[in-house]
Amino acid sequence: MAQAAPAPHRTHSFAKKTFHKPTYCHHCSDLLWGLIGQGYGCEVCNFIVHERCVGQVVTPCCGVAPSLIKNPVAHCWSEPTHHKRKFCTVCRKRLDELPALHCMICEYYVHGECVDFAAADCKENATYCAGSEPRHVHHWREGNLPANSKCSACRRACWSAECLTGYRCEWCGSTCHAGCRSLIPEECNFGMLQPIFLPPSAVSIPRTEVPMEAIIGVHVRPPPSQRDFGCRKCPSNLPPSALRRVARARALALHAPRWFSFARIPFQSSPALFQTPIT
């Protein structure tokens with residue numbers, strides 16, 4: 001589950017910068033005005049803000065984001081491919097030029113060289129705990145919002161094609177500005193999918209000490225090198241010569257008449273069987 005960021009001065013390393021092309025604030029998605037010193041930029045994660053927005057930043061820096069996650073959940077990465085009009089969640093740069101990866105579960109986009117710095121905050125799909133009251137909260141993912149997305153709190157446009165800004169809940173699909181997250185109820189109701197959605201609080205993780213084959217009821221045959229091809233009906237303490245005679249007797253039983261069968265003769269009552277010379 002994504003966690004709220006601590007105070008800005010403990011996460012980002014902001015420094016005043018001058019931008020030589022139109023630049024947008026990653027907090028409010030508005031344009032930075034001016035000729036020199038238009039805003040502040042983080043020297044670690046390239047987060048850009050207005051001077052008035054520095055004290056309102058709630059997005060954690062990528063350098064400390066992994067340490068804020070209480071229950072890490074690994075991402076399910078796709079094959080490297082090209083994505084248009086998407087931004088890297090780690091370095092906040094466009095993905096148009098280089099092949100990038102994305103999580104097939106929670107839509108986390110990242111460059112190939114930034115994947116090692118990605119926060120392990122994928123959606124947790126099994127949160128059942130016996131004796132606890134089921135409660136589900138939003139799982140916010142920053143940026144890469146669908147076009148024409150509107151904030152659920154202020155009803156203004158919160159998406160941008162120029163920078164990584166805005167938040168979207170991976171469960172109910174609600175979108176909002178970074179500064180409006182505190183105005184939205186913390187509990188998630190799954191939106192339009194609530195009547196047909198199985199909440200994670202109703203799903204439990206299988207026990208790790210039980211093999212997966214036993215859980216799903218599948219019998220796995222051992223490889224040929226580990227199989228026992230010996231006769232289960234033959235005593236294990238017989239010498240090799242006696243075992244060969246037993247095999248010969250059973251081969252003859254296949255061609256015997258139906259009213260007589262060598263296979264019915266017990267080993268203990270037929271000592272002459274093992275004394276018959278092999279011709």
Between Tyr40 and Glu51, is a side-chain contact (heavy atoms from CB on, under 4.5 Å) present by the stated rule, with each step listed?
-> CA-CA 6 Å; Tyr40 288 81; Glu51 185 176 359; 3.6 Å; yes
Could you go through the side-chain contact (heavy atoms from CB on, under 4.5 Å) check for Cys169 and Trp140 one step at a time?
-> CA-CA 4 Å; Cys169 177; Trp140 297 109; 3.9 Å; yes
For [Y], does its backbone N or O pair with a side-chain atom of [X] as donor and acceptor, under 3.5 Å?
{"X": "Thr127", "Y": "Pro200", "value": "yes"}
{"X": "Thr23", "Y": "Lys21", "value": "yes"}
{"X": "Asn144", "Y": "Leu164", "value": "no"}
{"X": "Asn46", "Y": "Gly41", "value": "no"}

Stepwise, does the side-chain contact (heavy atoms from CB on, under 4.5 Å) test hold for Val137 with Cys188?
-> CA-CA 5 Å; Val137 297; Cys188 181; 5.7 Å; no
Residues that Glu107 engages under salt bridge (charged side-chain N to carboxylate O under 4.0 Å, His left out), provided they are two or more places apart |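 With neighbours one apart ignored, the set is Arg168.
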Using the test ring-ring contact (aromatic ring centres under 6.0 Å, His included), find all partners of Phe47 that sit at least two apart in sequence or belong to another chain.
-> His12, His26
Of all residues at least two apart in sequence or in a different chain, which pass the ring-ring contact (aromatic ring centres under 6.0 Å, His included) check with His83?
->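 With neighbours one apart ignored, the set is His102, Tyr109.
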[X] [atom1] to [Y] [atom2] distance, which is reported to the nearest 0.5 Å:
{"X": "Phe14", "Y": "Cys42", "atom1": "CZ", "atom2": "SG", "value": "6.0 Å"}
{"X": "Asp30", "Y": "His50", "atom1": "CG", "atom2": "NE2", "value": "5.5 Å"}
{"X": "Glu187", "Y": "Arg135", "atom1": "CD", "atom2": "CZ", "value": "5.5 Å"}
{"X": "Thr165", "Y": "Arg92", "atom1": "OG1", "atom2": "CZ", "value": "7.5 Å"}
{"X": "Glu170", "Y": "Asp121", "atom1": "CD", "atom2": "CG", "value": "9.5 Å"}
{"X": "Ile184", "Y": "Cys151", "atom1": "CD1", "atom2": "SG", "value": "5.5 Å"}

Criterion side-chain contact (heavy atoms from CB on, under 4.5 Å) on Arg52 and Cys28, from CA distance to verdict | CA-CA 10 Å; Arg52 66 173 186 267; Cys28 65; 4.1 Å; yes
Please examine the side chains of [Y] and [X], heavy atoms only from C-beta on, and report whether any two atoms are closer than 4.5 Å.
{"X": "Val203", "Y": "Leu198", "value": "yes"}
{"X": "Arg141", "Y": "His139", "value": "yes"}
{"X": "Thr81", "Y": "Pro99", "value": "no"}

So for atom [atom1], which belongs to [X], do other residues, nucleotides or ligands contribute more than 12 heavy atoms lying within a distance under 6.0 Å?
{"X": "Glu79", "atom1": "CD", "value": "no"}
{"X": "Lys17", "atom1": "NZ", "value": "yes"}
{"X": "Lys93", "atom1": "NZ", "value": "no"}

Does the pair Glu142/Arg181 count as a salt bridge with the N-to-O cut at 4.0 Å?
->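 Salt bridge between Glu142 and Arg181, a charged N being under 4.0 Å from a carboxylate O: no.
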Give the cluster check for Trp171 versus Leu193: same hydrophobic cluster or not, with ILVMFWY residues linked at side-chain heavy-atom distances below 4.5 Å.
->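 Yes, Trp171 and Leu193 fall within the same hydrophobic cluster.
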Distance-only donor-acceptor hits, side chain of residues 31-39, under 3.5 Å, sequence neighbours excluded:
| unit_1 | atom_1 | unit_2 | atom_2 | d |
| --- | --- | --- | --- | --- |
| Gln38 | OE1 | Phe19 | N | 2.9 |
| Gln38 | NE2 | Phe19 | O | 2.8 |
| Gln38 | NE2 | Gly34 | O | 3.4 |
| Gln38 | NE2 | Leu35 | O | 3.4 |

Please go through Val110's hydrophobic cluster and name the other residues, only I, L, V, M, F, W, Y counting, with side-chain heavy atoms under 4.5 Å joining them.
->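 Members alongside Val110: Trp77, Val90, Leu101, Tyr108, Val115, Phe117.
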Let me check something: any side-chain donor-acceptor pairs from residues 152-163 under 3.5 Å, sequence neighbours excluded? List them with distances.
| unit_1 | atom_1 | unit_2 | atom_2 | d |
| --- | --- | --- | --- | --- |
| Ser152 | OG | Thr175 | O | 3.0 |
| Ser160 | OG | Glu162 | N | 3.1 |

Of all the heavy-atom pairs spanning Ala119 and Ile69, show the shortest one and how long it is.
->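 Looking at all heavy atoms of both residues, the shortest contact is CB-CD1, 3.8 Å.
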